[in-house]
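So the structure is just underneath, and the comments pick up after that.
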Amino acid sequence: KKIILPIVCCLLSTGLWAQQLPLFSQYMLNDYFQNPAIAGSRPYFDAVSANRLQWIGITDAPRTYALSLQGPIKKKNMGVGGYLFSDVTGPTRRLGISASYAYHIKLTEKIKISLSVSAGVMQFTVDASKLTLANQSDYVFANGYESKTVPDFGASFYLYGLPKENGTGNWWLGGYVPQIYPAKLKLFETPTPTGTLATHFYAIGGYKLFITDDFSAEPSVLVKFVSPAPVQVDAGTRILYKNKVWIGVFLIFLIPISVIAVSALTTLSPAGRTRVALTADGGGMAQWNPEAPAVFTGSYSARLDTDSDPN
């Protein structure tokens, strides 16, 4: 129950609702969350359940749970999808639901671009009863429990190359801007504003190289930015065996701070198209203040997905 009050105050101050969307270690697999324009780029529907426990050992550390479903509308060059997530950190909770529509345009025989729009709602909740206040008569938290629901809109694009006949590989490049509309949160009525939705910027890219008939390599990168936080870059590579078993490593950078995590990822695929992936992260939590000591901890993620691909 002991929560550091200044952290919550920062969350409630103007413009400091910085990272408001869920984070995933397995960005390689949770690509729809990072770019809804991906919906319809594959010839099957894909359902995903993703869960993440961050900073194990730290009280009231973030916990994220998410569900998504996306796929194509065949013969119409369209894709549809949606996701639901819950993100809990101490006395704060974010709940979001969103749906997307994507239209795929064939630029050449081997290149397509998908343009997507998305819309949904987000609910922000703060339970002040879980706070230990220095001033118990603080009128800002007098109501004890506050919850606000606001609209959320986004736009994205996804440029991708189709697999070549000689099996040399394919590639992808995309961008996503969620929370374009800076809706006012108005949590805990005060004489000053209590913040707005912060516009995020995501960029993804990658390439799949077929090494042999059985093995392939897939390097990729994800860049994230939301003011006033520094730019975050996730870069990684995974090696796949028959697209059923793989292992990968990725690094997370906060520019210009440091590397803050190293992860090993493995996945097992039983018969059919149901897959399980587990992630263990370890490393230092980078400090915005270079003079502050780093904190070393770990996080764990689990992902379960199934799709309608008959192959």
Side-chain angles (χ1 to χ4, degrees), residues 21-44 46 48 50 68 70-72 79 81 83 100 102 104-108 110-116 154 156-178 200-212 214-225 231-255 259 261-267 269 275 277 279 281 301 303 305 307 309:
L21 297 175
L23 296 172
F24 297 100
S25 296
Q26 303 170 12
Y27 74 90
M28 304 171 184
L29 304 179
N30 299 303
D31 49 6
Y32 175 74
F33 289 102
Q34 318 300 337
N35 191 326
I38 287 173
S41 63
R42 299 157 190 150
Y44 52 83
D46 190 19
V48 174
S68 72
Q70 57 89 11
Y83 64 75
S100 68
H104 296 256
I105 303 170
K106 192 172 185 179
L107 299 180
T108 70
K110 293 298 182 180
I111 298 176
K112 283 187 175 182
I113 187 171
S114 170
L115 304 176
S116 175
S156 58
F157 78 92
Y158 186 64
L159 183 69
Y160 58 103
L162 304 181
K164 299 178 182 179
E165 294 180 1
N166 61 7
T168 57
N170 56 9
W171 55 270
W172 58 94
L173 177 67
Y176 177 34
V177 184
H200 293 54
F201 299 92
Y202 294 162
I204 60 172
Y207 184 82
K208 187 169 186 177
L209 175 65
F210 293 92
I211 303 171
T212 67
D214 294 332
F215 286 92
S216 61
E218 192 175 286
S220 59
V221 64
L222 167 66
V223 181
K224 296 176 282 189
F225 174 71
V231 175
Q232 178 175 321
V233 179
D234 297 19
T237 299
R238 60 175 181 162
I239 304 296
L240 300 92
Y241 175 70
K242 293 185 177 180
N243 280 330
K244 290 186 176 182
V245 179
W246 63 265
I247 185 169
V249 175
F250 75 91
L251 303 177
I252 301 176
F253 301 85
L254 286 181
I255 297 176
V259 177
V262 179
S263 297
L265 304 91
T266 62
T267 184
S269 176
R275 294 173 293 269
T279 305
D281 307 346
S301 299
R303 177 186 184 271
D305 83 285
D307 60 52
D309 187 0

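The figures here come from the full heavy-atom set of this structure, side chains too, leaving out hydrogens, waters and symmetry mates.
Between the side chain of Asp46 and the main chain of Gly71, no donor-acceptor pair closer than 3.5 Å is present.
The two residues Pro72 and Tyr44 come nearest to each other via the heavy atoms CD-O, 3.4 Å. What you find for Ala37 and Ala102 is that their closest heavy atoms are O-CB, 4.1 Å. Closest of all the heavy-atom pairs between Ile204 and Ile38 is CD1-CD1, 4.1 Å. Between Ile239 and Phe215, the shortest heavy-atom distance links the atoms CG2-CD2, 4.2 Å. Annotation for Ser100 and Ser116: closest pair CB-OG, 4.0 Å, computed over non-hydrogen atoms. Closest of all the heavy-atom pairs between Tyr202 and Gln34 is CD1-O, 3.5 Å.
Evaluation of the side-chain hydrogen bond (donor to acceptor under 3.5 Å, both in side chains) rule for Ser220 yields Tyr27 as partners, not counting sequence neighbours. In this structure, the side chain to side chain contact (heavy atoms under 4.5 Å, CB included) partners of Ile105, at least two apart in sequence or on a different chain, are Tyr103, Leu107, Ile113, Leu115.
Note: Tyr160 and His104 have perpendicular aromatic rings, judged against thresholds of 30 and 60 degrees for the angle between ring planes. Aromatic ring orientation, Tyr83 versus Tyr32: perpendicular (interplanar angle above 60°, classes split at 30° and 60°).
Atom-to-atom distance recorded for Leu173:CG and Tyr207:OH is 14.5 Å, nearest 0.5 angstrom. To the nearest 0.5 Å, atoms NZ (Lys208) and CH2 (Trp172) are separated by 7.5 Å. Going from atom CG of Asn35 over to atom OG of Ser41 covers 9.0 Å, rounded to the nearest 0.5 Å. In this structure, the separation between CG on Asn170 and CG on Leu209 is 10.0 Å, given to the nearest 0.5 Å.
With contacts defined as side-chain heavy-atom distances shorter than 4.5 Å, the pair Leu159/Trp171 qualifies. Using a 4.5 Å heavy-atom threshold, the side chains of Ser68 and Phe33 count as touching.
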